[in-house]
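Notes follow once the structure below has been shown.
A, B, ... follow the sequence lines: proteins, then strands. Residue 1 opens every chain.
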Protein chains: 2
Amino acid sequence: MTEDLMTIREMCETYDVTPRTLRFYEAKELLFPIREGQKRLFTKSDRARLKLILRGKRFGFSLEEIRQLLDLYHVGDQQLTQISRTYEIACERLEDMEARREELTQAIDDLKEQLRWGEKVIASMKQDKKAAE
Amino acid sequence: MTEDLMTIREMCETYDVTPRTLRFYEAKELLFPIREGQKRLFTKSDRARLKLILRGKRFGFSLEEIRQLLDLYHVGDQQLTQISRTYEIACERLEDMEARREELTQAIDDLKEQLRWGEKVIASMKQDKKAAE
DNA sequence: CGTTCACATTACGTGAACGTCATCTACGTG
DNA sequence: CACGTAGATGACGTTCACGTAATGTGAACG
């Protein structure tokens, strides 16, 4: 069944994207499906990458930023200096993400506060309505 | 000094955006600066909104989505049903954000894992290098 | 009074991220 | 073999979020 290779259609259904999107990501070198004849076949690696792409998008990263992030996960047989550089970038990214989570937590707290206020407003309005009857 | 009103230039410097951006946000009804003659003057409320806009952007919300979120903070003298509806939407948004934070936490953990792996690779490569000397 | 700012409006331009359409190919099926 | 189906390849179109002139205006300054 899951022969480790998926057609473009299967990918689309699994991850809820269009063929156009997958071809676009390939053109941008975010995915590297292998070819059988002229058809694309997506590997396990492509699927892992796609998940990261979609996740990145949800957090407002551009495809170019995502591409760089993906490189952090690929780490082929490069030079030590290259890997070290990649490692540094990854550390910075990690800090970014942690800062982001802080901010998100802040935003959540703010909204919660706002909701408590909203509850009070609603409650008092219900009171007024009753009193008016 | 901070007379509660800021010119467009002051806003730009404070929040690191261009005049174009602020006018654009006004056109999109995200900000509502008052007018003195034909000049715009941004209020405390506009500044609070702008902060939320910029924050929303960092999390990948579209301006339209942000506009809806901003409405949650404005809550004028509406009907009870309106406020209740707004309240419900806010609750849903809150759940979205909490889910997002979960996902972000997952992403952070993934990247940390990857970094540990990177450290090992670097260490072993340094060993190889030494051995080759 | 002319000029320089600071800000305004109007309008066309741009890059990112796809959507859409036309056309082509390869493959299995009745 | 005709035909439908799945996928491929351009190429142009679209939306969003502004950028970038071009031009106008009102207050201030030498």
message: With a 3.5 Å distance limit and no angle check, can you tell me whether B:Arg100 reaches the backbone of B:Phe59 through a side-chain donor-acceptor pair?
response: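 Yes.
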Starting from [atom2] on [N], measure out to [atom1] on [X] and report it in whole angstrom.
X: A:Glu65; N: C:dA16; atom1: CD; atom2: P; result: 12 Å
X: A:Ile8; N: C:dT25; atom1: CD1; atom2: P; result: 19 Å
X: A:Arg9; N: D:dG4; atom1: CZ; atom2: C1'; result: 15 Å
X: B:Ile53; N: D:dC16; atom1: CD1; atom2: P; result: 16 Å
X: A:Leu5; N: D:dG7; atom1: CG; atom2: C1'; result: 16 Å
X: A:Ile66; N: C:dA16; atom1: CD1; atom2: P; result: 13 Å
X: B:Leu63; N: D:dA17; atom1: CG; atom2: P; result: 4 Å
X: A:Met6; N: D:dA6; atom1: CE; atom2: C1'; result: 15 Å

A:Thr105 OG1 to B:Glu98 CD distance, which is reported to the nearest 0.5 Å: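 Taking OG1 in A:Thr105 and CD in B:Glu98, the distance rounds to 9.5 Å.
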field: Between OH on residue A:Tyr25 and CG on residue A:Leu63, distance to nearest 0.5 Å
entry: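 So the gap between those two atoms works out to 5.0 Å.
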query: Is any side-chain heavy atom of A:Glu10 less than 4.5 Å from a side-chain heavy atom of A:Leu41?
result: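 A:Glu10 vs A:Leu41: side chains apart.
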field: Test item: A:Ile53 and A:Leu31 side chains (from C-beta on) under 4.5 Å apart, heavy atoms
entry: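 Of all side-chain heavy-atom pairs linking A:Leu31 with A:Ile53, at least one is under 4.5 Å.
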Distance below 4.0 Å between A:Thr18 side-chain N/O and C:dC18 OP1 or OP2: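 A:Thr18 to C:dC18 OP1/OP2: no side-chain N or O under 4.0 Å.
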field: Any B:Thr7 side-chain nitrogen or oxygen under 4.0 Å from OP1 or OP2 of C:dA6
entry: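 Checking C:dA6 against B:Thr7, no side-chain N or O comes under 4.0 Å of OP1 or OP2.
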- prompt: Any side-chain donor-acceptor pair under 3.5 Å between A:Glu102 and A:Gln106?
  reply: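 Side-chain D/A pair, A:Glu102 to A:Gln106: absent.
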query: Going by atom types alone, do A:Gln114 and A:Asp110 pair a side-chain donor with an acceptor below 3.5 Å?
result: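 Not at all, the side chains of A:Gln114 and A:Asp110 share no donor-acceptor pair under 3.5 Å.
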Close approaches to DNA chain D from residues 19-41 of chain A, in residue order (heavy atom, under 4.0 Å):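 Going residue by residue through residues 19-41 of chain A, the ones with a heavy atom under 4.0 Å of DNA chain D turn out to be A:Arg23, A:Arg35, A:Gln38, A:Lys39, A:Arg40.
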query: In the structure shown, which nucleotide is the Watson-Crick or G-U wobble counterpart of C:dC18, with both distances under 3.5 Å?
result: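 C:dC18 is paired, partner D:dG13.
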